[in-house]
Amino acid sequence: MTATIPTLSSQYDPSITEDKWQQAWEARHVFKADPDRPGEPFCVVIPPPNVTGSLHMGHAFENALIDTLVRYQRMAGRNTLWLPGTDHASIAVQTILENQFKAQGKTREQVGREQFLERAWEWKAESGGTIVNQLRKLGVSVDWSRERFTLDEGLSHAVLTAFTKLYEEGLIYRGNYMVNWCPASQSAVSDLEVEQKEVDGHLWHFRYPLTDGSGYVEVATTRPETMLGDTAVAVNPSDDRYSDLIGKTLTLPIVGRQIPVIADEYVDKEFGTGCVKVTPAHDPNDFAMGQRHDLPMITVMNKDGTMNSEAGPFEGLDRFEARKAVVARLDEEGFLVETEDYHHTVPYSDRGKVPVEPLLSTQWFVKIKPLADKALDALDNHQSPRFVPERWTKVYRDWLVSLRDWCISRQLWWGHQIPAWYAVSETGGDITDSTPFVVAMNEDEAREQAIAQFGPDVVLQQDPDVLDTWFSSGLWPFSTMGWPDETTKDFQTYYPTTTLVTGFDIIFFWVARMTMMAGHFTDTMPFETVYIHGLVRDENNQKMSKSKGNGIDPLVLINKYGTDALRYTLIREVAGAGQDIRLEYDRTTDESASVEASRNFTNKLWNASRFVMMNLGGQTPAQLGQPDAHQLELADKWILSRYHGVVQRVRNHVDKYGFGEAAKDLYDFIWGDFCDWYIELVKSRLQGEGPSKRVAQQTLAQVLDGILRLLHPFMPHITEEVWHTLNQVGDDQFLAVQGYPQVEANAIDGDLEAQFELLIGTIRTIRNLRAEAGIKPSAQIETILQSASAEERRILTATQVYIQDLAKVDTLTIRGEGPANAPQNGRVAAPSSTPTTAASSVDLAGIKAELTDFWVTMRPLLEEPLTYVNRFFSDFRRPAVTLLLLLVLLVTLQVLGAVLDTLNTIPLVGGVLKLVGMGYSLWFISQNLLSVDRRQATWAKLGTWKQQVVGQTQTWMQRPAPEPVVPQGQPEPVAAADPWTAPAAPQPEPAPQPEPAPQPKMFAGVVGTAQVLIPLTGVVDVDALRAKVEKDLGKIEAEAKSLSGRLSNAKFVEKAPAEVVQGARDALAEAEQQAEMLRSRLKLL
RNA sequence: GGACGUAUAGCUCAGUUGGUUAGAGCACCACGUUGACAUCGUGGGGGUCACAAGUUCGAGUCUUGUUACGUCCA
């Protein structure tokens, strides 16, 4: 199963890998939870998808989020259970089956309940596995051995128990109330299953004549057909216009019924005429008024939406036909006053997609207040559950406060049949509203109870209705753990669960029902945290829906780009939890640019891993071992620092549900730091042999192993695959259950990272200049880095090999102030490849800078020799000691000249002394540096001297050869104990120096306070270069202007924090310095 | 009508407790095929942070209002 390295393709193929690991994880029971396992339990129950369903983008998103969380927690050491399952979805399944029967010309009544249910279970067996198998394609780390279904035996037992308990406690009752009736599915539906839709309709105004003939009142309605069931007209009691009408009666047109005028606060005086018709059997508000005023309730419709016998001449008409007919009749008879176009909202059935009919019927209800109060108590007094993002707490709470009782009976067959048995023998063999009943766990118990009440001859019939699907879903977090048996190990260990991950659209449907049920039955909230995610919208920012047909099939994208790529795309997009995400998609090609980008990332990881593994000499990270901290080179320390930084950030983000941020951090680290920089930095070391190579291998191996672990929760398949190859382990071990990386805080070195910023900036500046000058990417060039800052020079010197490598520089010179910074002498910059040439064109500003620099550097030496020695070891353990020593010599001469110059009023004396200094320098060069032999002798001398002081030496001018050469007399070129060990082994400079040549022009960039100078060779576009420098200069000048403006604002200096002010000053100084450099360079172009 | 969310580059989005010159990926342009990766590399162009007022030395960030889009509830 584990590939060997040479067989790895240069392109990652998810189609092979993903199936392989999904099967291996399941076959090896990698995610099977064990309550006895150590570690704090971490448990998530899946939001059960409908058995009817097929995988859509919402599932993919939600399960990607859960899996990322669960895999992270598992690797972080929690005893983890993710429990999968499906929901029986009564209305959805019933609709599908009824349509199937309808196609055969049969109604469900013709088929019969028994056969219908038989077919339903068959259908579930056939297609119920689809969604589950599609979930497997996502690579979810669920425990399949615990898979549940809301209609299975255990859960049905839980449902029966919950129902009977609630009934016994008086929290479930049966009664005749107004419910939302869906004429399409011919069932009651709950308030939540009703959707308010805005429609363009009409508002009809009618006259109802007073019975005494003294006039009429005008009423308005959007539903004229219901007037047949009117039993009153209501006005507001404080409405003076109608106060004398109250108590009089009206004669209802068409019907001829006498109905009273009543007064009720509900009536809005401002709306219409201020008179409303009251139809208590067909409108919830009218129903309430009817109850208050004890009005008759006349139902004029059948359950299929046709008019009944109460509708007189309209009997048998469909409700919408009846509407037209009633209007026509009223018009004929002169009662129609006006027909007004009217935009209003109409309640539609969620499932049936037809307007619901408020209808009086006998249904089962859950008394919701006691349950909601308990959930509210948990929320208000225990902040449980905690919502992420927090704003959903308010939505959840507001809903709990204003709940109406929950209608739980559905006139369907697929579902949990209500465990109530009617003593039909008491009411003539039929179930009527007044038939007595018993509630029991099963028929035997019911019979026992019924016999006790009604005698041995009682005939029982079970309530034909089933329970709302959400009744069983409401028990899901604990019914799946064995409840009502609370002694099971699963219940004891994993309940209450830790986190629920779901969408805001089912906060009310599901989350609130779970908290209410759990609060009541288990006396605790069923989860600590509810993470609410947003929607996945389509490419046009539209909600995906079946009816719009704008869904994006996750399986299409998985086939094209791989599961890891799709998952990563979805996770990476989600920043700031709960925000909707938009998925780019091209419907003509089934391509998605953003998923493709993630696929490219998998390929990048694949190839980086391949490169690392090809360079480990066949060894695994374990065989290579941890690198010795003392042998780490700069780049190694840097990548380890960056690595631990990213470990820290990723852990922090995921702990706070910041999955998107964590995913982005990993992307930046892996592609940016690791691939773009570290791998490039170690390539030359891997070509050689010796300790430097080995440390690079060790570091690469350790960091790659860590990357795979870090990324595993986000991209489980590719990381599992690479991890097996990298570690050469069999298929009895899995990355999925390895430890998540821990932060080593002391490996994070901010100073080092800041120094690397200078390095990276320098390389980028050189590359930038090369590109602007049109230098071929493959050409080696000469570059001079010039900085007045000893610190910058120290950093650049220590990292010079990296610069040479990555910027294609064969001759690199690092120096203090040089001749090029002497605009007043009018000379073009010399290609000063040795620092000594600095003396040949020194200027006063340069001397001052050098003097300052020198003084800062040397003061400790002058003050306290011993301190200096210590500092030398601690602060200047770099190879450029020789540079320092030479500078001491040169600068001393310069300083002498300068000091005398300022003391002496006669200008010529200064010049003379300067010349003397230069002369000495030149003499020194001729004696010690000009020829190869002399230079080597000098080098050896210095080397010996330095060897006595610091124990090592280092080249600082020329790029070392790839194969390090150990110089004679230096048995230990790399001082093992020195953490500032050079990036490459030291080597004396053997190559001849270029002769001081006619001076070519240079072009320049700046980074920090350092100048990057590249001598111009060949034909270049000087205008383009000038434009480039001018642009840089413009930017810097703008910045300097803004900074100085701020600093000249007294209030800023006075009120802003000291560090901000100082920061601005430093920035200004740097900007001015950079601007000055660019200006002088511009002159030279 | 009430509540909430969003508005930053052509597109998709970051941007911490207000503090240097507002960032990334994709797309675009130029150059490049160097032995991990062209599903790649290097460089470049591209933004009045929806609008208005306010607080502040200083606002993409805080406050208020306006507009647009979206969602939920009634």
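Naming: A, B, ... by sequence-line order, numbering from 1 per chain. Values reported hereafter were calculated over all heavy atoms of this structure, with side chains retained and with hydrogens, waters and symmetry mates removed.
- Under the 4.0 Å criterion applied to side-chain N and carboxylate O atoms, A/Glu1037 and A/Arg1079 are assigned as salt-bridge partners.
- Between B/G41 and A/Lys604, a contact under 4.0 Å exists linking OP1 or OP2 to a side-chain N or O.
- Taking 4.0 angstrom as the limit, A/Trp671 places a side-chain polar atom (N or O) nearer than this to OP1 or OP2 of B/G41.
- Judged purely by distance below 3.5 Å, without hydrogens or angles, the side chains of A/Ser594 and A/Tyr585 never pair a donor atom with an acceptor atom.
- Between A/Lys1051 and B/G58, a side-chain N or O to OP1/OP2 separation shorter than 4.0 Å is absent.
- For the pair A/Arg572 and A/Tyr667, the cation-pi test (distance below 6.0 Å, angle within 45°) is passed.
- Taking the P atom of each, B/A14 and B/A68 are spaced 24 Å apart, rounded to whole Å.
- Checking the phosphate oxygens (OP1, OP2) of B/U39, no side-chain nitrogen or oxygen of A/Asn607 falls inside 4.0 Å.
- The pairing partner recorded for B/G23 is B/C13, the criterion being a Watson-Crick or G-U wobble arrangement whose two distances lie under 3.5 angstrom.
- A/Arg513 forms a cation-pi arrangement with A/Trp406, by the criterion of a distance under 6.0 Å to the ring centre and an angle within 45° of the ring axis.
- Here the side chain of A/Arg391 is nearest to one of B/U42, B/C26, B/C4, namely B/C4.
- Note on A/Arg770: nothing from the nucleic acid sits closer than 4.0 angstrom, heavy atoms only.
- Rounded to the nearest Å, the gap between the P atom of B/U34 and that of B/U39 is 15 Å.
- For A/Arg572 and B/G25, the shortest distance from a side-chain N or O to OP1 or OP2 is not below 4.0 Å.
- At a threshold of 4.0 angstrom between heavy atoms, the contacts of A/Phe504 are confined to the sugar-phosphate backbone, with no base atom among them.
- Within the shown strands, B/A3 is the pairing partner of B/U71 under the Watson-Crick or G-U definition, both distances less than 3.5 Å.
- Counting to the nearest Å, the P atom of B/C4 and the CD1 atom of A/Ile507 are 15 Å from each other.
- Side chain of A/Phe611, nearest nucleotide from B/C13, B/A36, B/G19: B/A36.
- Among the nucleotides B/G32, B/C73, B/U20, the one closest to the side chain of A/Pro777 is B/G32.
- In the set B/U39, B/U12, B/C57, the nucleotide with an atom closest to the side chain of A/Asn1049 is B/C57.
- Residue-level contact check: A/Ala608 touches the bases, meaning some heavy atom is under 4.0 Å from a base atom.
- In this structure, A/Lys394 reaches the sugar-phosphate backbone alone: every heavy-atom distance under 4.0 Å involves primed, P, OP1 or OP2 atoms, never a base.
- Along RNA chain B, the nucleotide closest to A/Arg1046 and the one closest to A/Asn600 are compared, and the more 5′ of them pairs with A/Arg1046.
- Nucleotide B/G43 forms a Watson-Crick or G-U wobble pair with B/C29, both donor-acceptor distances falling under 3.5 Å.
- The shortest side-chain heavy-atom distance between A/Tyr657 and A/Phe659 falls under the 4.5 Å cut-off.
- Across all strands shown, A/Ser1042 has heavy atoms under 4.0 Å from sugar-phosphate atoms exclusively, and none from any base.
- The distance between atom CZ of A/Arg599 and atom P of B/C40, rounded to the nearest whole Å, is 8 Å.
- Atom C1' of B/A53 sits at a distance of 49 Å from the matching atom of B/G41, rounded to the whole Å.
- Distances from the side chain of A/Lys664 to the nucleotides B/C37, B/C13, B/C57 place B/C13 closest.
- As rounded to the nearest Å, B/G46 and B/A27 have C1' atoms that lie 11 Å from one another.
- If you check B/U12, B/U56, B/U20 against the side chain of A/Glu1039, the one that comes closest is B/U20.
- Across the protein-nucleic acid pair, A/Leu1033 atom CG and B/U21 atom P stand 16 Å apart, rounded to whole Å.
- Among the nucleotides B/A36, B/G25, B/U12, the one closest to any side-chain atom of A/Ile679 is B/A36.
- A salt bridge links A/Asp398 with A/Lys394: the closest approach of a Lys/Arg side-chain nitrogen to an acidic carboxylate oxygen falls below 4.0 angstrom.
- Nucleotides B/C49 and B/A59 place their C1' atoms 11 Å apart, quoted to the nearest Å.
- The shortest side-chain heavy-atom distance between A/Arg537 and A/Met544 does not fall under the 4.5 Å cut-off.
- Counting to the nearest Å, the C1' atom of B/U20 and the CD atom of A/Gln1062 are 13 Å from each other.
- Checking B/C62 for Watson-Crick or G-U wobble geometry (two distances, each under 3.5 Å) identifies B/G54 as its partner.
- The gap from the P atom of B/C11 to that of B/A50 amounts to 14 Å, rounded to the nearest Å.
- Out of B/G43, B/U12, B/C13, the shortest distance to the side chain of A/Glu584 is found at B/U12.
- Residue contacts for A/Ala1056: at a heavy-atom cut-off of 4.0 Å it reaches a base atom on one of the strands shown.
- With ring centers used as reference points, A/Trp392 lies 6.0 Å or more from A/Phe387.
- At the heavy-atom level, A/Glu680 lies under 4.0 Å from base atoms of the strands shown.
- Closest-nucleotide positions on RNA chain B for A/Ile1036 and A/Arg582 were compared, and the one nearer the 5' end corresponds to A/Arg582.
- For A/Arg537, whose side chain is taken as the heavy atoms from C-beta onward, the closest listed nucleotide among B/G70, B/C26, B/C37 is B/G70.
- When the P atom is used for both B/G58 and B/G44, the distance is 35 Å, rounded to whole Å.
- Rounded to an integer number of Å, the gap from A/Leu605 CG to B/C37 P is 15 Å.
- Interatomic distance, CG of A/Leu686 versus CG of A/Leu700, reported as 6.0 Å (0.5 Å rounding).
- Atom P of nucleotide B/C31 and atom NZ of A/Lys808 are separated by 18 Å, given to the nearest angstrom.
- With rounding to whole Å, A/Ile781 atom CD1 is found 17 Å from B/U42 atom P.
- Rounded to a whole angstrom, the distance from the C1' atom of B/U8 to that of B/C51 is 14 Å.
- Residue A/Gln11 places its side chain closer to B/U39 than to any other of B/U39, B/G43, B/U21.
- Computed from coordinates, the A/Lys1035 NZ to B/G47 P distance equals 12 Å when rounded to whole Å.
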